[in-house]
Structures are given as C-alpha cells and as structure tokens.
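The shown structure was predicted, so the numbers you read here are calculated from the model rather than taken from an experiment. Letters go in sequence order (proteins before strands), and every chain restarts at 1.
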Number of protein chains: 2
Amino acid sequence: MTSEETLEQFNLRKTKIRIAVLDSLSQSAVAQSYSTMQNALHEFDRTTLYRTLLTLTEYGLIHKAYEENGESFYARCFGCTEQVHNHEHLHLKCSSCGGVECIEISDQLKSSLAQLPFQEINISAKGDCSACVSA
Amino acid sequence: MTSEETLEQFNLRKTKIRIAVLDSLSQSAVAQSYSTMQNALHEFDRTTLYRTLLTLTEYGLIHKAYEENGESFYARCFGCTEQVHNHEHLHLKCSSCGGVECIEISDQLKSSLAQLPFQEINISAKGDCSACVSA
DNA sequence: ACTCTAAATGCAACATTGTTGCAAAACAAA
DNA sequence: TTTGTTTTGCAACAATGTTGCATTTAGAGT
C-alpha cells in the first residue's frame, strides 16, 4: 500500500510532508532519528515535522522506537491502529553505527510480556545491529 | 550503607551534590526526574547536577530508568558495578501521577531476556503505579 | 594544620529539541 | 471554484544536552 493510500485509509489529509515521512520510514530498514529526518526534509519547517510525527504516531502509522539523550528515533508501524498498538518487537540501539533496528521477539518472550498488567510495553537493548554484524 | 560510604567504596570524592543526589534517590521509592532533582537541589548549578548524574551513572550507582519527551528519570542502582549492570526490573511510567517506578520482573521473563544476544536490556511500560492503584 | 595537585564546581555560552500561538496557505468537499 | 477546516510556516520561548574555562574543593602527603 502506498503512503497516500495509507493516509486515505486513516482519513488523514494527504499532505506533502506526511507522504514524505511515511515514504521515508517505509523504505528504511532502521528507525530514523528526528535530526536525520529534519536534514532529509529540510524543505519543511521543523515544527511541521514535529507535528507530523505527533499526528502519525497518534494514528498508529509510526511509533517512537527509541529515545536517548533527547534524540528520538521513529519507525513505521505495521498492524497498529489508534486503539491497538502491536509493538511486539524490541528496539536495538546499535553500539557500532548508532542506528536503531526493530527486531522481532520470540513467542516465549511475547507470552511473558502478555502476562504483565501494563500497556505499551517497550523493550530496548544495546548491541550490534544486523548490518554492522554482517559487515 | 550511607551515601558517603558508597562513594568511598567506588573511590569517588564525597562532594555535597553527590551525597545529596544519592541520599535523595536512595530514599525515594520512585525514580526522580531531572527537573524534580533540579528543583530540590537548586543550590547547585544545573551543569553540576548534569555532570553528577553522568558520573554516578558511569560508576553504576544510579541509572536512567526512563526517558520520554526529553525528560529523564533516574533511580538508585542496586548491585551494579561499572562493568556489570544488573537491571532486572522494568520501569513503569504511571499514567496517573506521571512517576516512574522500578518493578521486579518474573524469573520466566528474566530467562527469556537472558537468551537475547544483547546488552543493557531495558523494559518500560505504561500503567498505574502501586501508589496510584492503592489510592 | 598547611600545602599541593587533581578533580569538581559554577558560570557562560551555544545547540537541539519540545511546545504553543497565530496568520497564511493548502486540502477536501460541495 | 468557492468555502470551511486543517495544516503549515514562522516567531517565540522553555527545557535539556553539552562544552570550555576559571575558580574552588577534596583528599593526599608533609
């Protein structure tokens, strides 16, 4: 599904920056930092980017995968809605390249987490991402 | 063990702010935000607080329990050293009071996490903290 | 107690991000 | 195309992250 179709599906206006952000995150294997996106989308005002990320997060199209020292990383959501967030993966901050990767978790870990009486459980870890390991 | 004794054990100078930060976090049941500490320790410069938190984190006396929207929460470490971090608990951000609580995790979850090939695994969740639930 | 040296602090300064208000521009429906 | 609503761009400010440097302090030795 294209970014335009996705926005349409969620009844969101198809603006340039929303399409650009969705396109960018959809094509990226790793989560992108706010500053990276700001550089890539320098044609837009940073406030607009800020609010775009808020809106897309609110509607469950993207999620904040990782945050450290004031730097936020965003990734495309798959299978999330405004009501149900399905983030059954962990976020790996690469000690080598600094990137953030979303990684699927085992069924065992999923069931352990499912027993917890909390919402929006998020696991982050540090290590080497797949790109850096294979390099 | 007193904060002074702890600092001595780690070969850290016993300065006023370090003792104050350790005392404060040791007595607190929940993690404290940077801004909270800054208000409580307004006699010290915020840069000094910033560097104190860095140093105490580096030596494993405290840890950053949670970070969201640029607000960091710190908690006392127990059983951590500079080399080995033993953060086998999750950090619960209370949807009600906004506080951050450290919660022990089950052995099952611990063993699931132990199988992962990553370091510094951190679990955060949102829900109601024990104080707000019982209130 | 005094001195010395390394470490820590306070202050200034700047970058980045978070956040809000408001007028102008863009979008979507009629 | 017109119109009403939403979004954007810009200004502005707060908070935090971060560094450099001169001053002060802590701890060791005398």
Quick one: CG on A:Leu116 to CD1 on B:Ile103, what's the gap to the nearest 0.5 Å? 9.0 Å
Most 5' of A:Asn69 and A:Glu43 on DNA chain D, judged by nearest nucleotide: A:Glu43
Residues of residues 13-21 of chain B with any non-hydrogen atom less than 4.0 angstrom from an atom of DNA chain D: list those, numerically ordered, please. B:Arg13, B:Lys14
Sequence neighbours excluded - side-chain hydrogen bond (donor to acceptor under 3.5 Å, both in side chains) pairs with any residue from residues 124-135 of chain A: A:Glu68-A:Lys126, A:Glu101-A:Ser130
Tell me, please, which residues at least two apart from B:Gln108 pass side chain to side chain donor-acceptor pair (under 3.5 Å). A:Ser112
Residues at least two apart in sequence or cross-chain that pass side chain to side chain donor-acceptor pair (under 3.5 Å) with A:Thr6, listed by chain then number, are none
Looking only at atom types and distance, does a side-chain atom of B:Lys64 sit under 3.5 Å from a main-chain N or O of B:Phe73, one as donor and one as acceptor? no
Rounding to a whole Å, what distance do you find between A:His42:NE2 and D:dC10:P? 13 Å
Within residues 32-40 of chain A, find the residues that approach DNA chain C with a heavy atom at under 4.0 Å, and present them sorted by residue number. A:Tyr34, A:Ser35, A:Gln38
Its 5'-most and 3'-most nucleotides having an atom under 4.0 Å from a non-hydrogen atom of chain A, DNA chain C is contacted over C:dT17 to C:dA28
Looking just at side-chain N and O atoms, do B:Thr36 and B:Ser33 make a donor-acceptor pair shorter than 3.5 Å? yes
Pairs where residues 14-30 of chain B contributes a residue and the test salt bridge (Lys or Arg N to Asp or Glu O under 4.0 Å) is met, not counting sequence neighbours: B:Glu8-B:Lys14
Whole-Å distance between D:dT8 P and A:Leu54 CG? 12 Å
Any donor-acceptor N/O pair, A:Glu67 side chain to B:Gly70 backbone, under 3.5 Å: yes
What is the distance, rounded to the nearest whole Å, between atom CG of A:Asn11 and atom P of D:dT5? 17 Å
Salt bridge (Lys or Arg N to Asp or Glu O under 4.0 Å): which pairs involve residues 26-55 of chain B, sequence neighbours left out? none
Is there a chain of hydrophobic side chains (I, L, V, M, F, W, Y, each step under 4.5 Å between heavy atoms) that links A:Tyr34 to A:Ile17? yes
note: B:Arg46, atom CZ; D:dA14, atom C1'; distance rounded to Å ~ 11 Å
Any residue meeting side chain to side chain donor-acceptor pair (under 3.5 Å) with A:Thr15, in chain and number order, not counting sequence neighbours: none
Taken to the nearest whole Å, OH/A:Tyr50 to C1'/D:dA12 is 14 Å
Measure CG/B:Asp45 against C1'/D:dG20 and give the value in whole Å, please. 14 Å
Taking side-chain contact (heavy atoms from CB on, under 4.5 Å) as the definition, give me every residue that meets it alongside A:Cys132, ordered by chain and number, with sequence neighbours left out. A:Cys94, A:Ser96, A:Cys97, A:Cys129
Based on the rotation axes of five pairs at each end, what angle does the helix from C:dA1-D:dT30 to C:dA30-D:dT1 bend through, to 10°? 40°
Rounded to whole Å, please give me the gap between CD in B:Glu71 and P in D:dT16. 7 Å
Would you kindly say whether A:Ser106 and B:Gln115 are connected by a side-chain donor-acceptor distance under 3.5 Å? no
Would you mind classifying the nucleic acid contact of A:Ser72 as base, sugar-phosphate or nothing, using non-hydrogen atoms under 4.0 angstrom? sugar-phosphate
Listed by chain and number, what are the side chain to side chain donor-acceptor pair (under 3.5 Å) partners of B:Ser111, not counting sequence neighbours? none
Can you tell me how far P of D:dG9 sits from CG of A:Leu41, to the nearest Å? 11 Å
